Amino acid sequence: GENVEQHPSTLSVQEGDSAVIKCTYSDSASNYFPWYKQELGKRPQLIIDIRSNVGEKKDQRIAVTLNKTAKHFSLHITETQPEDSAVYFCAADTGNQFYFGTGTSLTVIP
Amino acid sequence: GAVVSQHPSRVICKSGTSVKIECRSLDFQATTMFWYRQFPKQSLMLMATSNEGSKATYEQGVEKDKFLINHASLTLSTLTVTSAHPEDSSFYICSARAGLGSTDTQYFGPGTRLTVL
């Protein structure tokens with residue numbers, strides 16, 4: 001089955017700096033890659049996603065890149081703000097189910 | 001985005017009792033619903049996938065007789081934790097997907113915090 005690895009597990013950045021979270025996957029059949037943000041005690045919220053026919057997607061301060069050959073995809077958050085502090089999960093979808101990464105706890109220091 | 005509700009949000013029960021959790025898609029028909037379990041500071045672990053009108057598909061290591069899943073309609077799935085024990089205490093989250101294809105995202109419910117005494 002699919003195996004998704006996510007790094008780093010924790011990340012602290014100064015407000016205004018950029019944050020990058022990386023994920024790798026193993027199943028070449030995966031063709032949809034969403035990113036979720038989860039605040040403490042709340043549900044995961046979709047923040048951005050990318051499909052396998054696209055290499056990069058951007059939505060304001062958030063961007064995701066996908067390298068299908070290398071089987072990795074990354075989340076980029078620019079001009080970070082304290083409200084960006086949360087746990088971020090990547091996922092890979094094989095068509096049947098999501099396989100989640102282990103999560104990255106992001107702390108933005110004011 | 002689509003709205004998924006989950007009820008109850010919190011439940012405390014005694015060991016040996018059964019607990020039912022409901023997951024509803026409010027503004028779309030969910031062909032597929034997923035049930036996840038999440039321990040503190042850990043990722044979401046898929047327990048089972050359910051399609052409306054058919055038996056749920058359980059992940060390896062998940063006891064289907066303990067975690068009963070019923071997807072009775074396109075807007076409702078239920079998870080029943082039978083004979084709950086303290087080790088079943090966890091955060092249970094459902095999600096729903098509208099389409100059958102791999103390009104349809106999942107929308108998550110708010111989760112249910114189960115505490116078994």
Side-chain angles (χ1 to χ4, degrees), chain A residues 1-11 21 23 25 27-54 57 59 64 66 68 85-107, chain B residues 1-7 9-10 21 23-26 31-51 54 56-62 69 90-115:
Chain A
E2 175 65 282
N3 180 41
V4 178
E5 295 189 358
Q6 184 172 345
H7 299 280
S9 58
T10 59
L11 178 60
I21 303 170
C23 287
Y25 63 99
D27 191 342
S28 57
S30 293
N31 57 10
Y32 174 63
F33 307 91
W35 285 88
Y36 287 86
K37 175 183 180 181
Q38 187 179 29
E39 297 177 1
L40 188 64
K42 296 187 177 180
R43 78 183 85 190
Q45 296 275 15
L46 178 71
I47 56 172
I48 197 167
D49 56 11
I50 192 167
R51 307 186 193 285
S52 60
N53 58 345
V54 177
K57 183 177 178 180
D59 182 4
V64 58
L66 171 65
K68 282 205 71 178
S85 297
V87 177
Y88 291 81
F89 292 99
C90 65
D93 187 352
T94 61
N96 294 317
Q97 65 185 63
F98 282 11
Y99 292 85
F100 283 91
T102 49
T104 296
S105 178
L106 173 64
T107 301
Chain B
V3 179
V4 176
S5 70
Q6 200 171 327
H7 177 80
S9 58
R10 291 180 178 271
I21 303 170
C23 177
R24 293 181 185 274
S25 57
L26 299 185
T31 54
T32 307
M33 287 187 170
F34 304 86
W35 286 95
Y36 294 87
R37 184 174 180 176
Q38 188 177 34
F39 291 105
K41 298 184 179 181
Q42 293 190 25
S43 188
L44 298 101
M45 300 300 298
L46 180 65
M47 299 176 65
T49 302
S50 72
N51 293 296
S54 59
T57 301
Y58 290 81
E59 293 301 296
Q60 190 173 11
V62 178
I69 292 172
S90 190
F91 192 50
Y92 292 87
I93 307 179
C94 71
S95 71
R97 182 156 70 184
L100 294 174
S102 62
T103 58
D104 294 295
T105 195
Q106 294 183 28
Y107 297 95
F108 286 86
T112 297
R113 175 75 59 190
L114 171 63
T115 303

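Given the structure is predicted, the values throughout are model-derived calculations rather than measurements. Just so we're on the same page: letters track the sequence lines, and every chain starts at 1.
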Original post:
For the atom pair NZ (B:Lys41) and OG1 (A:Thr102), what is the distance rounded to the nearest 0.5 Å?
Top reply: 14.5 Å
Original post:
B:Ser43 and A:Phe100: which non-hydrogen atoms are nearest, and at how many Å?
Top reply: OG-CB, 3.5 Å
**OP:** Below 4.5 Å from any heavy atom of chain A, which atoms of B:Ile93 appear? Answer side chain, backbone, both or neither.
**Re:** side chain
**OP:** Look at B:Met45, B:Glu59, B:Gln6 and state which one has the largest set of heavy-atom pairs under 4.5 Å with chain A.
**Re:** B:Glu59
Original post:
With only heavy atoms counted, which part of A:Gln6 is less than 4.5 Å from chain B, the side chain, the backbone, both or neither?
Top reply: neither
**OP:** For the pair B:Phe34 and A:Phe98, name the ring-plane relationship: parallel under 30°, tilted 30 to 60°, perpendicular over 60°.
**Re:** parallel
Subject >> Distance in Å, A:Tyr32 OH paired with B:Thr105 OG1, rounded so as to fall on 0.5 Å steps >> reply: 3.0 Å
Subject >> Portion of A:Tyr99 that has a non-hydrogen atom of chain B nearer than 4.5 angstrom >> reply: neither
**OP:** Measure B:Phe108 against the heavy atoms of chain A and call it side chain, backbone, both or neither at under 4.5 Å.
**Re:** both
Subject >> Approximate separation, where rounding is to 0.5 Å, of A:Arg43 CZ and B:Leu44 CG >> reply: 13.0 Å
Original post:
Considering all heavy atoms of both residues, which atom of A:Gln38 and which atom of B:Phe91 are nearest to each other, and what is their separation?
Top reply: NE2-CE2, 4.3 Å
**OP:** Write down the atom of A:Gln97, the atom of B:Arg97, and the distance for their closest heavy-atom approach.
**Re:** N-NH2, 4.4 Å
Original post:
Shortest non-hydrogen contact from B:Gln42 to A:Phe89?
Top reply: O-CZ, 3.8 Å
